[in-house]
There are 2 protein chains.
Amino acid sequence: MSRADRRRQLLETAEQVFAERGFRAVSMDEIAERCGVSKPLLYEHFGSKDGLVQATIDRVRAELYEATSAAMAQARDPREMVWRGMLAYFEFMDAHSRSFMMLLQEPMVVPGGTDDVLEQTRRQQSGLIAPLLAALAPDVPPAAVEAYTEIIIGGCERLALWRLSHPELSARDAARYMTDFTWNALREHVRADLMPPPLGPDAPSGAS
Amino acid sequence: MSRADRRRQLLETAEQVFAERGFRAVSMDEIAERCGVSKPLLYEHFGSKDGLVQATIDRVRAELYEATSAAMAQARDPREMVWRGMLAYFEFMDAHSRSFMMLLQEPMVVPGGTDDVLEQTRRQQSGLIAPLLAALAPDVPPAAVEAYTEIIIGGCERLALWRLSHPELSARDAARYMTDFTWNALREHVRADLMPPPLGPDAPSGAS
DNA sequence: GCTGGTAACTTACTGAGAGTAGGTTACTGG
DNA sequence: CCAGTAACCTACTCTCAGTAAGTTACCAGC
């Protein structure tokens, strides 16, 4: 099999196995077996277990990024963009909950704790949110935009994690809470012409 | 040495070693050596490596909880309570950055991923925040209070993590951002008699 | 002051699993 | 038909979590 094809197959299987039983519980021997190859081949492709974990996570991250940015691209105005992005995020989670969990765990599982790896995830997500905030609320200073971006990302992650033990909270409601919260937080900074916001495509019952 | 004293000593040393090099990199043999005891004694006390990690983290968590709740107890009104809690949180982080990092990693490092352990941390933190939100904004429905609580906790954690790579953001500014963000998000729900809030004990320059 | 019991602690092992050295097969261009 | 190389494997090593089977220190009761 060609190197690229093999890599894809290995990643696919690894994601599945990791999703089933978690990073820690799964051994490289087991993955190799499930892939129908020998262990050194895994090391050939990914260098180490951490490398494989990393690659697996990158794959999921790319999917998530694509899903959310595609959803956001359909929006007409910043308010709707927030809503669509949030909704796509939480819906992605419903569709790939185990893989998604892995994504949230990533910064912790990989070597040094807070290395460039985390930085990469962060930049990707904040690259989606920060410009949006800046567009919504141009008078907020850049430092605050960065901080708010982090707060929003953290809020999403936490709420997503929380949903695992509270399935009664639908993706729509979660997205709704996040959107409301964010929107209200920024309300007084929001550009006047965006101010009477469209309520979102189809607003579920929410807090406000 | 008495069992309780020994346990304390072991935990103290373990926290130090873990903080220096991270959970994963440190072996039980190494901790035993640094403690001046044999490995089975560690197992006698903590059952497993995860058990030791868990106990270590619980210790840090207790300290954090004490610090933040003590700070909050000094406040006169909810607005100030938010501010003091946030400030204590970020200042605790400056004082114990490595141990604090461990705390954030905990849900991920421990066995099953999202078990009761996470739940425990969460309940402790949200026990501090949720009643406060409810007091601040009594017309927000309970489900929304819970969700907002999670969002706020996640925001704090993320912002704390972010500060590791952005030391230019002081604890005061971080607390300020969190407080502003939260306050604004809830503004329209806040009880009228709390509405013109005292600006906090000593407000640093902030976003709004 | 010797003895049975127990609490604190140790040495010396097992087993699992990450990572590797050194091939072997299979296919490609000359 | 023969290099050379890409894909892949068998068979190891070594670190580290966890354990079995003690040993020492101390304290009751006789």
Side-chain angles (χ1 to χ4, degrees), chain A residues 1-58 102 105-113 115 117, chain B residues 1-58 102 105-113 115 117:
Chain A
M1 196 181 302
S2 94
R3 193 173 169 83
D5 287 350
R6 177 62 90 186
R7 189 186 161 94
R8 247 188 304 278
Q9 179 227 333
L10 295 180
L11 273 178
E12 219 159 288
T13 309
E15 178 178 340
Q16 209 175 321
V17 182
F18 280 143
E20 279 168 19
R21 318 228 324 276
F23 292 130
R24 290 220 340 201
V26 173
S27 74
M28 290 297 267
D29 288 279
E30 186 178 344
I31 294 173
E33 196 184 359
R34 288 273 298 260
C35 292
V37 301
S38 71
K39 199 162 47 147
L41 192 65
L42 283 180
Y43 282 88
E44 175 71 29
H45 278 271
F46 305 105
S48 65
K49 185 176 182 180
D50 279 341
L52 174 57
V53 168
Q54 194 52 57
T56 307
I57 286 168
D58 280 346
M102 299 189 329
Q105 292 180 7
E106 178 252 337
M108 321 312 186
V109 176
V110 187
D115 292 353
V117 178
Chain B
M1 196 181 301
S2 96
R3 194 172 167 83
D5 286 350
R6 177 62 91 186
R7 190 186 160 93
R8 247 188 302 280
Q9 179 227 332
L10 295 180
L11 273 178
E12 218 159 289
T13 309
E15 179 179 340
Q16 209 175 322
V17 181
F18 280 143
E20 279 168 20
R21 318 228 327 274
F23 292 129
R24 290 214 350 196
V26 173
S27 74
M28 291 296 267
D29 288 279
E30 186 178 344
I31 294 175
E33 197 185 358
R34 287 274 297 259
C35 293
V37 301
S38 71
K39 198 163 47 147
L41 191 64
L42 282 179
Y43 282 89
E44 175 71 28
H45 278 270
F46 305 104
S48 65
K49 185 176 181 179
D50 278 341
L52 175 57
V53 167
Q54 195 51 55
T56 307
I57 285 168
D58 280 346
M102 298 189 329
Q105 292 180 6
E106 178 253 336
M108 320 311 186
V109 177
V110 187
D115 292 353
V117 178

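All heavy atoms count here, side chains included; hydrogens, waters and symmetry mates do not. Lettering of chains follows the sequences in order, A, B, ..., and the numbering in each one begins at 1.
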- Query: Run the side-chain contact (heavy atoms from CB on, under 4.5 Å) check on A/Phe18 and A/Ile57 step by step: do they pass?
  - Reply: CA-CA 10 Å; A/Phe18 280 143; A/Ile57 286 168; over 6 Å; no

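- In this structure, CD in B/Gln54 is found 11.5 Å from CZ in B/Phe46, a value given to the nearest 0.5 Å.
- Nearest heavy-atom pair, B/Thr56 versus B/Leu11, reported as atom, atom and distance to 0.1 Å: N-CD2, 3.7 Å.
- Taking only side-chain atoms of B/Ser48, from C-beta outward, the nucleotide of D/dG18, D/dA17, C/dA18 with the closest atom is D/dG18.
- Counting only heavy atoms from C-beta on, A/Arg3 has its side chain closest to D/dA7 among D/dC16, D/dA7, C/dT20.
- Taking atom CE on B/Met28 and atom C1' on C/dT10, their separation rounds to 16 Å, with Å as the unit.
- Atom pair A/Lys49:NZ and C/dG19:C1' shows a separation of 12 Å (rounding to whole Å applied).
- Rounding to the nearest 0.5 angstrom, the gap separating the CD atom in B/Glu15 from the CG atom in B/Leu52 is 11.0 Å.
- Rounded to an integer number of Å, the gap from A/Glu33 CD to D/dC8 P is 18 Å.
- Nearest heavy-atom pair, B/Ser38 versus B/Ala32, reported as atom, atom and distance to 0.1 Å: C-CB, 3.9 Å.
- As a whole-Å value, the separation of A/Tyr43 OH from C/dG22 C1' is 18 Å.
- Contacts with DNA chain C (heavy atom under 4.0 Å) in residues 8-22 of chain A: none are found.
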- Would A/Val37 and A/His45 satisfy side-chain contact (heavy atoms from CB on, under 4.5 Å), going step by step from the backbone distance to the final call? CA-CA 12 Å; A/Val37 301; A/His45 278 271; over 6 Å; no

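- For the pair A/Glu30 CD and C/dG17 P, the computed distance is 8 Å after rounding to whole Å.
- Rounded to a whole Å, the CZ atom of B/Arg24 is 17 Å from the P atom of D/dT15.
- To the nearest angstrom, C1' of C/dG17 lies 18 Å from CZ of A/Phe23.
- Comment: B/Glu44 does not engage B/Arg6 in a salt bridge, judged by the lack of any side-chain N to carboxylate O separation of less than 4.0 angstrom.
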- Note on the structure: Whether each nucleotide of nucleotides 9-14 of chain D has a protein heavy atom under 4.0 Å at its base (B), only at its sugar-phosphate (S) or at neither (-) is summarised, 5' to 3', as BB----

